[in-house]
Participant: 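This is the structure, below, for whatever I ask next.
We count ligands from 1, going down the list as the structure has it; atoms in each ligand are counted the same way.
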Amino acid sequence: MSQSNTPALSIENVVKNYGPVQALQGVSFDVKKGEVFGLLGPNGAGKTSLISIIVTLEKATHGRARVFGHDVSTHPREAKLNLGWVSQEIINSGFFDVEEILKFHAGYYGVSERADRIEYILKGLSLWEHRKKKVKQLSGGMKRRLMIAKALVHEPGLLLLDEPTAGVDVELRMKLWDFVEELKGKGLSILLTTHYLEEAERLCDRVAIIHKGQIRAIGGTRMLIEEWSRKKVTLRLTEPVQSLMHPDLVKGSGQEWVFLTAMTKTLGELLQELKLNSAHLNDVKVDEGSLEDVFMRLTQEGKA
Ligand SMILES: Nc1ncnc2c1ncn2[C@@H]1O[C@H](COP(=O)(O)OP(=O)(O)OP(=O)(O)O)[C@@H](O)[C@H]1O
Ligand SMILES: [Mg+2]
């Protein structure tokens with residue numbers, strides 16, 4: 001089942017109940033081949049529950065998940081061979097060194113010892129100089145990067161990253177993302193969850209915003225920003241005015257007036273609606289919307 005149009009990951013109407021807790025309430029989306037897809041949502045939104053179903057740690061109450069066409073509940077072996085998973089919790093055994101762990105892991109997946117692959121991954125994750133260290137000698141950020149290395153050893157087509165950069169410092173985070181982009185360039189498909197929205201904006205081809213077990217919006221980051229965010233336009237006038245009437249007006253008096261407008265509205269259109277022109281303006285300040293605005297808008301409303 002490797003037709004070129006088969007998605008790397010297909011999630012179809014997945015429901016997950018833990019007793020009375022409805023963690024996922026009918027979630028559907030695809031991750032296309034070669035795509036980086038971000039699953040963004042506040043604590044408790046259901047992100048890890050979905051990943052646990054994909055890696056067969058949990059069973060979906062309803063619906064199904066397929067990895068390159070392999071149903072995870074009926075063909076778990078085929079599905080798991082095609083994916084690499086980095087869990088949110090740091091789990092490593094402490095007695096072996098970094099290189100030994102990767103060799104064992106390669107053996108576990110039945111791929112014979114791949115010295116060149118292991119070197120490539122360790123260098124890409126800035127772990128090469130630490131390869132002779134035992135796990136207990138590694139820092140938290142190094143342990144997390146070791147987990148990513150393990151997930152990549154068997155060359156999976158799909159990588160699941162659940163908060164991969166939590167506890168990784170800024171410089172190494174940048175390096176990690178450069179490496180992720182390099183892997184993407186080689187055709188790897190990636191599903192990632194992160195609380196760093198500016199990283200998601202930079203890295204992801206598409207994102208889904210999940211809240212209380214439901215997908216609230218899905219699409220390219222630019223499209224979501226245009227659809228859900230507002231830009232803040234501050235007009236500084238040459239002369240004070242008594243009042244300006246406009247539905248997008250937020251506040252203002254005298255010479256300074258602030259508007260929140262649709263991302264698609266041009267300054268020219270706004271001025272026309274206000275019956276102003278550039279001769280009335282001393283200065284204009286425009287703050288573009290961001291993915292963070294979209295996230296706040298879609299996850300704050302109705303928050304208990
Ligand atoms: N094993 C479990 N048993 C019972 N409830 C669970 C279990 N795992 C998760 N939950 C509940 O399911 C809901 C979703 O949790 P989940 O861990 O999927 O959220 P998340 O989006 O990964 O959050 P975070 O950003 O904090 O990692 C929460 O209400 C959580 O308490
Ligand atoms: Mg989680």
Participant: Indicate whether atom 30 (C) of ligand 1 is within a distance of less than 4.0 angstrom of some protein heavy atom.
Facilitator: no
Participant: Please list the nearest protein heavy atom to atom 25 (O) of ligand 1 with its residue and the distance rounded to 0.1 Å.
Facilitator: Lys47 NZ, 2.7 Å
Participant: Check the pair His195, Glu163 against side chain to side chain donor-acceptor pair (under 3.5 Å), reporting the backbone distance first and the verdict last.
Facilitator: CA-CA 7 Å; His195 288 282; Glu163 304 269 346; 2.9 Å; yes
Participant: Any N/O/S atom of Thr48 sitting less than 2.8 Å from the Mg ion (ligand 2), backbone or side chain?
Facilitator: yes
Participant: Checking the N or O distance criterion of under 3.5 Å, is ligand 1 in contact with Gly41?
Facilitator: no
Participant: Report yes or no: is the cationic atom of Lys123 (NZ for Lys, CZ for Arg) closer than 6.0 Å to the six-membered ring centre of Tyr120, at no more than 45° off its axis?
Facilitator: no
Participant: Among all protein heavy atoms in this structure, tell me which lies nearest to atom 18 (O) of ligand 1, with the distance rounded to 0.1 Å.
Facilitator: Ser49 OG, 2.6 Å
Participant: Does Arg202 form a salt bridge (Lys or Arg N to Asp or Glu O under 4.0 Å) with Glu181? I'd like the steps, not just the answer.
Facilitator: CA-CA 10 Å; Arg202 182 192 130 192; Glu181 281 186 327; 3.2 Å; yes
Participant: For atom 23 (O) of ligand 1, what is the closest protein heavy atom, and at what distance to 0.1 Å?
Facilitator: Gly44 N, 2.8 Å
Participant: Taking the side chain as C-beta and beyond, is there a heavy-atom pair between Leu267 and Leu235 under 4.5 Å?
Facilitator: yes
Participant: Would you sort out whether Ser87 and Asp162 count as a side chain to side chain donor-acceptor pair (under 3.5 Å), showing the intermediate values?
Facilitator: CA-CA 5 Å; Ser87 71; Asp162 199 355; over 6 Å; no
Participant: If you have a sec, work out which protein heavy atom is nearest atom 3 (N) of ligand 1 and how many Å separate them, to one decimal?
Facilitator: Tyr18 CD2, 3.4 Å
Participant: Evaluate Arg230 against Asp248 for salt bridge (Lys or Arg N to Asp or Glu O under 4.0 Å), listing each step before the verdict.
Facilitator: CA-CA 10 Å; Arg230 294 279 176 274; Asp248 296 342; over 6 Å; no
Participant: Going by the atom numbers of ligand 1, which of them fall below 4.0 Å from some non-hydrogen atom of Gly46?
Facilitator: 14 (C), 18 (O), 19 (O), 20 (P), 21 (O)
Participant: Looking only at distances, can you tell me whether any N or O atom of Gln88, backbone or side chain, sits closer than 3.5 Å to an N or O atom of ligand 1?
Facilitator: yes
Participant: Identify which of Thr48, Asn17, Asn43 has a heavy atom lying nearest to atom 22 (O) of ligand 1.
Facilitator: Thr48
Participant: Using a 4.0 Å cut-off to any heavy atom of His195, which atoms of ligand 1 qualify?
Facilitator: 25 (O)
Participant: Report yes or no: does Ser49 have an N/O/S atom closer than 2.8 Å to the Mg ion (ligand 2)?
Facilitator: no
Participant: Suppose I only count heavy atoms of Ala45 and a 4.0 Å limit; which atoms of ligand 1 are within that range?
Facilitator: 19 (O), 20 (P), 21 (O)
Participant: Would Glu119 and Trp128 count as having a side-chain donor-acceptor pair, cut-off 3.5 Å?
Facilitator: no
Participant: Is there a side-chain contact between Trp257 and Leu249 (heavy atoms, below 4.5 Å)?
Facilitator: yes
Participant: Using 4.0 Å as the upper bound for N to carboxylate O, is an ion pair formed by Asp205 and Lys184?
Facilitator: yes
Participant: Only heavy atoms of Ala23, strictly under 4.0 Å: list the atoms of ligand 1 that pass.
Facilitator: 12 (O), 13 (C)
